[in-house]
Novice: 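Here it is: the structure, laid out below.
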Amino acid sequence: MEHIKMMRGYREVGGTGMKKNNIQGSAKLPLPYRSLIDTYYLPIKITGWIFFSIYSVIAFYKLVIDRLVNVMIILFNGEYSLDELGLFDYSDWRLTTNFIPFDTVLRYINYSQYFNLDIIIINLLGNLLIFTPMGFLLPLLSKKFRKARTVIFVGFVSSLAVETIQFIFTVGSADIDDLILNTLGAWLGYLAYKSILIKPKKIDRNSPC
């Protein structure tokens, strides 16, 4: 009888442990405080997607829409014609386009005395940081973006879309360095997600295997 009770107790304890492990294993987000996240999972995820949507709109507006709106306002007011603005004029595309990696970055570094500091910060640090929230939020909100290569690919494609629109509508400059910095920024955001929100499992060397 004692043997049977011990076996039942072992099964109950083992079953409880297995149940707890299953709950943790099926957690929606890989965070240290899984029980809290599971409890408020839906409100947290909705808030996260709202924040990500707001961020995406602001980033795309700053990179593309703002410049297009300014051009449309100028055309509407009749201040300049389409030809005078050079919209869709690709005759001097070499002046507004760079396909040489790190050419713009090295130009800012080597000739920094000829540029205002704010211009250097906006074009280098700004392009690096503007895609960082994307790399941080995407793996937080969806399991599909929990791998680095997926986040890097999304950052690359998003930046490529922005640079392509800038080239087609000749607003701003289409620069491969912007593409590199944006993609690197998305990767840095992913690294921040991994380092801040993912707590590595501690191995207890004293515990039996």
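Not measured: the values here are computed from a predicted model.
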Novice: Nearest 0.5 Å please: distance from the CG atom of N98 over to the OG1 atom of T104.
Specialist: 4.0 Å
Novice: Starting from the C-alpha separation in whole Å, work towards a yes-or-no answer on side chain to side chain contact (heavy atoms under 4.5 Å, CB included) for L188 and L191.
Specialist: CA-CA 5 Å; L188 291 177; L191 291 182; 4.3 Å; yes
Novice: Determine, using the 4.5 Å side-chain heavy-atom cutoff (strictly less than), whether L125 and I130 are members of one ILVMFWY cluster.
Specialist: no
Novice: Quick check against the 3.5 Å criterion: does Y190 have a side-chain atom that pairs as donor or acceptor with the backbone of R146?
Specialist: yes
Novice: To the nearest 0.5 Å, tell me how far L141 CG sits from F136 CZ.
Specialist: 9.5 Å
Novice: If you measure from CD1 on I46 to CG on L42, what distance do you get to the nearest 0.5 Å?
Specialist: 4.0 Å
Novice: Kindly work out whether a path of hydrophobic side-chain contacts (I/L/V/M/F/W/Y, heavy atoms less than 4.5 Å apart) joins L117 to L106.
Specialist: no
Novice: Would you say the side chain of V157 lies within less than 4.5 Å of the side chain of F153, judging by non-hydrogen atoms?
Specialist: yes
Novice: Is there a path of hydrophobic side-chain contacts, each under 4.5 Å between heavy atoms of I, L, V, M, F, W or Y residues, that connects I100 with L160?
Specialist: no
Novice: Could you see if F169 belongs to whatever hydrophobic cluster contains V69? Use Ile, Leu, Val, Met, Phe, Trp, Tyr and a side-chain cutoff under 4.5 Å.
Specialist: yes
Novice: Within the side chain of S173, is there an N or O that forms a donor-acceptor pair under 3.5 Å with the backbone of D175?
Specialist: no
Novice: Should we count CZ of F156 as having more than 12 external heavy atoms under 6.0 Å?
Specialist: no
Novice: State, to 0.1 Å, how close P101 and I180 come at their nearest heavy-atom pair, and which atoms those are.
Specialist: CB-CD1, 4.0 Å
Novice: Apply the test side chain to side chain contact (heavy atoms under 4.5 Å, CB included) to residues Y108 and I119: give CA-CA distance (whole Å), side-chain angles for both, the deciding distance (0.1 Å), then the verdict.
Specialist: CA-CA 9 Å; Y108 281 126; I119 294 178; 4.0 Å; yes
Novice: Identify the heavy atoms of F60 and I165 that sit nearest to each other, and give their distance.
Specialist: CZ-CD1, 3.9 Å
Novice: Under a 3.5 Å distance rule, please check whether D177 uses its side chain to pair with a backbone N or O of V105 as donor and acceptor.
Specialist: yes
Novice: Counting distance only, does the side-chain N/O of Q166 pair as donor-acceptor with the main-chain N or O of L63 below 3.5 Å?
Specialist: yes
Novice: Find out if a path of hydrophobic residues (ILVMFWY) with successive side-chain heavy-atom gaps under 4.5 Å connects V162 to V57.
Specialist: no
Novice: Can you tell me how far apart CG (L184) and CG (L129) are? Round to the nearest 0.5 Å.
Specialist: 10.0 Å
Novice: Are the side chain of N127 and the backbone N or O of L181 linked by a donor-acceptor pair below 3.5 Å?
Specialist: no
Novice: I'd like to know whether R149 forms a side chain to side chain contact (heavy atoms under 4.5 Å, CB included) with I152, so could you lay out the CA-CA distance, the side-chain angles of the two residues, the decisive distance to 0.1 Å, and finally the verdict.
Specialist: CA-CA 5 Å; R149 62 175 178 268; I152 292 172; 5.5 Å; no
Novice: Verify, without hydrogens or angle tests, whether S159 (side chain) and G155 (backbone) share a donor-acceptor contact under 3.5 angstrom.
Specialist: no
Novice: Provide the closest heavy-atom pair for G135 versus V151 in the form atom of the first, atom of the second, distance.
Specialist: CA-CG1, 3.6 Å
Novice: Would the distance check show the side chain of S142 and the main-chain N or O of L138 forming a donor-acceptor pair, the cut-off being under 3.5 Å?
Specialist: no
Novice: Run the side chain to side chain contact (heavy atoms under 4.5 Å, CB included) check on S158 and V154 step by step: do they pass?
Specialist: CA-CA 6 Å; S158 301; V154 173; 4.0 Å; yes
Novice: Taking the six-membered ring for Trp, are F52 and W49 ring centroids under 6.0 Å apart?
Specialist: yes
Novice: Shortest non-hydrogen contact from L128 to T132?
Specialist: O-OG1, 3.1 Å
Novice: Would you compute the distance between atom CZ of F115 and atom CG of N123 and round it to the nearest 0.5 angstrom?
Specialist: 9.0 Å
Novice: Looking at N116 and D118, would you say the former's side chain and the latter's main chain have a donor-acceptor pair under 3.5 Å?
Specialist: no
Novice: Let me confirm one number: the CZ-CG distance from F145 to L140, rounded to the nearest 0.5 Å.
Specialist: 12.5 Å
